[in-house]
Amino acid sequence: MAKKSAGFFESQKLQAGITSWILYIIAWCGAIVFVIPLVWMITTSLKAPDQIFTNPPKWLPYSQLFLTYETKILARNDGKIKLTTDADGTKRIDLGGYSHVIPAIAELKVRKNDRVVKGDVIATIPAKGKVGIIEKANKTKIITITDKTGRLIKEFQISEDTKAVVKDGDTVSEGDKIADVWPQWSNYAKAWAPKALDETFTKYLMNTLIITITGIIGVLLSSTFVAYGFARFKFPYRDELFLIMVSTMMIPAQVTMIPNFFLFKSLGWIDTFAPLIVPTFFGGGAFNIFLMRQFLMTIPTELDEAAKIDGCNYLQIFWIILVPLVKPAMATTAIFGFVYNWNDFMNPLIYLNSTSNYTLALGLQTFTTMYGTNYDLMMAASTIVLLPILIIFFFGQRFFIEGVATSGLKG
Amino acid sequence: MEKAIKRSKLKMSTQDAIWGYVFLSPWILGMIFFTGGPIIASLILSFCDWDLITPPKIIGFGNFIKMFSDSRFLNSMFNTFYYTVFSVPIGIIGSIMVALLMNQKWKTVRLLRTIYYLPSVTAGVASAIIWMWLLNPDFGLINYGLSLLGVTGPKWMADEVWAKPAIIIMSLWGVGGNMIIYLAGLQGIPRQLYEAADIDGAGMVDKFRYVTLPMLTPVIFFNLIMSVVASFQIFTQVYVLTGGQGGPADSTLVMVLYIYQQAFKFHNMGYASAIAWILFIIILIFTLLQFKIAGGWVHYEGELKK
């Protein structure tokens, strides 16, 4: 092969460097797209209702509240003033088909039968007013702006997380800032104990924790136990049984769902946690047994034999020697068991009926059916449900990534 | 003497065998009561008419014949195939591309991997709700993004035509799970192969075409099977996004949702079992088919593995 000149080599290196930079930028752009849904969930969860439905969307859950209103009411057409007055003091001026509503607070600048042209001022509203703050029992406040005679110019209802920058008795002008709308942390309290539902998320959280923790214990104990049998003993039909076990992974859960439902129904287990927990103690799932067996196969049998000579029986060998050694594999299984149980929706949906038994996933689904358009509260509730998973993920990242990698490749 | 040893060995191995079965016993019991038994029961049920209250009535192939004239069933099968045909290949290509990027030696690559992987852990009701909001036709981020490109976004989950693509797009958010598997596969490719390719003067594209891709085929094969099985069983996302209806106008009614509706809403346990069996058979056929054609494209190179 022909020798390449140094210059050519340099340019090739440069080219590789540029390619790497382009890929790097692509990777980060993609990462931003991937993280946006989660960021969007959190910012929406902190928004006040009027910050949600905006176009273009607001990224930060912060806005300022200004005292804005038209101080002058202008004629929208030429013509002769036709004036009518409603019972509440609201006046209406009709100008060639255009109706102008003049609130009671406004001062009329024209009289009946005056001739005006388009753009003339027909009424003015005081540009200054006095602030009044009324605190309500549910921690929300009402800010009122009144004129000299105490008539209302404008009023605002603000939530507990909105900080008024004006005080009772202040004089403010049109255009002044009234309040800072800070992140609405109160959305979380509202989502946690929703008024439209019978239960709070405390109940769902407790239920989910009970199911998840006992489920993980069941999976860990029984899958390691069974895997030990497959990995360390010779007995008739062992390989056939192992093949059967592996092939059960292919069976969709829907096939066994209906007979299992009937089985649990006849046992009186419907609307209890038993259908979600008890099966985990009987093998803990083919995939987990498989994973544990693969891991046990990598541990040398010398340890078992030494223990046997020391007079240990198989149960002792299993518990004292092997269980401590398979802890890394157990951590992976536990962490996936946690995610699986936390996210599981179909099984709780089928087996749990009363809201007091609902898991977080079921509770959250029910929540959306009640609060279908309150995206602030829905996102707060979703954040509540996802937060534990996110925390576990950040602390157990190693187990996640290594676990998937090894199990995926060995499968 | 020899006989005694033989006898004790025999005794030992019988004892061993008994212990083996003891350790297997939880799984054997579970297999009988929660898997094997129910499979047989569901097969029998699929030939029955059963409302959970009156005893099951055997009706032969009635349930299976009914399916062919049940437009909702045929529609659910179409929707499931539609979802699988698009989400699986796009998902596989997407996750391989991300894995290739994540296999670079950048300082921030660990952070990037975490970001790409994260959504696959949050799969479930909560992420479906996030997407409900992202896909909002008037105020959702997706349509806002499209409007920046000058495109008026569709009504997504409110539109019969766009509801299925919406769910496919949503499924792509979870490609990080498979990405990690491919990443492990990429890192298992011996470096000598690339060095050899360098000596031969291969460029980046050639290296991908003749080294990376062939070496990755066993992982792709494994992933392909798992993804097809999983996509045929899609349920939670559709249930949450459509409130259990599979709407609009049944356009997202997938097979598992239909099984759920038949079983737990209409209490047609026999019919639901029959559909579940059809689903099982479809999955089985697809899996066997993939194994059959695997020989043509999956590259096993035992000697090269360290």
Side-chain angles (χ1 to χ4, degrees), chain A residues 20 23-24 26-27 31 34-37 40-41 44 53 55-57 222 225-226 228-229 233-236 238 241 245 248 250-252 254-256 258-260 279 281-283 289 314 339 343 345-346 350 361 364-365 368-369 375 378-379 382 385-386 389 393 397 401 404-405 408-409 411, chain B residues 13 16-17 19-21 23-24 26-27 29-30 34-35 38-39 41-42 45 98 101 104 106 112 114-116 118-119 121-126 129-130 133-134 139 141 144 173 177 180-181 184-185 219 222 229 233 235-236 240 243 256 259 263-264 269 272-273 276-277 279-280 283-284 287:
Chain A
S20 178
L23 292 177
Y24 188 64
I26 292 172
F34 265 65
V35 87
I36 279 177
W40 190 236
M41 168 186 81
T44 307
F53 298 109
N55 217 336
S222 69
F225 197 77
V226 175
Y228 178 56
F233 294 90
K234 268 202 186 121
F235 47 86
R238 184 191 66 179
L241 286 172
M245 189 205 74
T248 57
M250 295 306 303
I251 301 166
Q254 292 75 34
V255 174
T256 53
I258 291 161
N260 272 334
F281 284 86
F282 290 88
I289 299 174
Y314 289 121
V339 174
N343 290 334
F345 177 65
M346 198 174 198
I350 291 168
L364 186 59
Q365 149 69 17
T368 61
T369 60
Y375 284 109
M378 268 160 62
M379 291 301 122
S382 300
V385 173
L386 283 189
I389 290 267
F393 178 73
Q397 230 189 100
I401 292 183
V404 186
L409 280 185
Chain B
S13 68
D16 262 28
W19 271 105
Y21 286 119
F23 281 103
L24 249 61
W27 172 72
L29 289 174
F34 303 128
T35 315
I39 288 176
S42 116
L45 274 179
V98 178
L101 285 176
Q104 307 291 319
W106 297 322
L112 282 167
T114 305
I115 292 173
Y116 280 106
L118 198 55
V121 197
T122 62
V125 177
I129 293 172
I130 298 174
W133 175 217
L134 290 171
F139 302 101
L141 271 193
Y144 172 68
W173 195 41
I180 292 291
I181 300 177
V219 188
F222 168 77
V229 172
Q233 296 183 62
F235 175 75
T236 304
V240 176
V256 177
I259 294 170
F264 298 104
M269 294 297 179
S273 299
W277 265 89
L279 176 70
F280 182 21
I283 291 177
L284 210 63
T287 309

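Quick note on labels: first sequence line is chain A, next is B, and so on, each numbered from 1.
- Within the 4.5 angstrom heavy-atom criterion, atoms from both the backbone and the side chain of A:V255 approach chain B.
- Put simply, the side chain of B:W106 reaches to within 4.5 Å of the side chain of A:L23, judged on heavy atoms.
- Atom CH2 of B:W27 and atom OG1 of A:T248 lie 6.5 Å apart (nearest 0.5 Å).
- Between chain A and the options B:T236, B:V98, B:I39, B:L112, the largest number of non-hydrogen pairs under 4.5 Å is found for B:L112.
- Heavy atoms closer than 4.5 Å to chain A are found in the side chain of B:L45, but not in its backbone.
- Looking at heavy atoms from C-beta onward, B:L24 lies out of side-chain contact with A:F233 at the 4.5 angstrom threshold.
- When the candidates B:Y116, B:F264, B:W277 are compared by the number of heavy-atom contacts under 4.5 Å with chain A, B:Y116 comes out ahead.
- Annotation: maximal heavy-atom pairing with chain B below 4.5 Å, among A:G229, A:A31, A:P279, occurs at A:A31.
- For A:Y375, the part sitting under 4.5 Å from any heavy atom of chain B is the side chain, from C-beta outward, and nothing else.
- For B:F235, the part lying near chain A is the side chain, with the backbone staying farther off; criterion is any non-hydrogen pair under 4.5 Å.
- Chain B forms more heavy-atom pairs under 4.5 Å with one residue of A:S222, A:A27, A:S20, A:G283 than with any other, namely A:A27.
- Atom CZ of A:F282 and atom OG1 of B:T35 lie 11.5 Å apart (nearest 0.5 Å).
- The CD1 atom of A:I36 sits 13.0 Å away from atom CD1 of B:I130, with the distance rounded to the nearest 0.5 Å.
- Taking the six-membered ring where tryptophan is involved, the planes of A:Y228 and B:F23 are perpendicular, since the angle between them exceeds 60° and thus also 30°.
- With contacts defined as side-chain heavy-atom distances shorter than 4.5 Å, the pair B:I129/A:Q365 does not qualify.
- Interface residue B:F280: backbone and side-chain heavy atoms are both found under 4.5 Å from chain A.
- When all heavy atoms of A:P57 and B:L141 are compared, the pair lying nearest together is CG-CD2, 3.7 Å.
- By number of non-hydrogen pairs under 4.5 angstrom with chain B, the leading residue of A:T369, A:I289, A:L241 is A:L241.
- Within the 4.5 Å cutoff, the side chain of A:F34 has no heavy atoms near those of the B:L118 side chain.
- Among all heavy-atom pairs drawn from A:N343 and B:V121, the shortest one is ND2-O, 3.0 Å.
- Proximity to chain B (any heavy atom under 4.5 Å) is restricted, for A:M41, to the side chain, taken from C-beta onward.
- Residues A:Q254 and B:A276 approach most closely at O-CB, 3.6 Å, considering heavy atoms.
- The CZ atom of A:F393 lies 10.0 Å from the OG1 atom of B:T122; values are rounded to the nearest 0.5 Å.
- With a threshold of 4.5 angstrom between heavy atoms, B:V229 approaches chain A through side-chain atoms but not through N, CA, C or O.
- Interface residue B:I283: only side-chain heavy atoms are found under 4.5 Å from chain A.
- Ranked by heavy-atom pairs shorter than 4.5 Å toward chain A, the options B:V256, B:I259, B:L29, B:T287 are led by B:V256.
- Using a 4.5 Å heavy-atom cutoff, the side chains of B:F34 and A:N260 are in contact.
- Residues B:P38 and A:P259 share a closest heavy-atom pair of O-CG, 3.2 Å.
- Listed options B:G20, B:G124, B:G30 were ranked by heavy-atom pairs under 4.5 angstrom with chain A; first place goes to B:G20.
- For a residue to count as touching a neighbouring chain, one of its non-hydrogen atoms must lie under 4.5 Å from one of that chain's; by this rule B:W133 touches chain A with backbone and side chain alike.
- Both the backbone and the side chain of A:I251 come within contact range of chain B, each with at least one heavy atom under 4.5 Å from a heavy atom of that chain.
- For the pair B:P26 and A:F281, the tightest heavy-atom approach, listed with the atom from each and the gap, is CB-O, 3.9 Å.
- The part of A:I258 that comes within reach of chain B is its side chain, from C-beta onward, which places non-hydrogen atoms under 4.5 angstrom from that chain.
- With chain B as partner, the option from A:M378, A:M379, A:K234, A:R238 having the largest number of non-hydrogen pairs under 4.5 angstrom is A:M379.
- Pairing each heavy atom of B:Y144 with each of A:P56, the nearest pair is CE1-CB, 3.4 Å.
- Interface residue B:S273: backbone and side-chain heavy atoms are both found under 4.5 Å from chain A.
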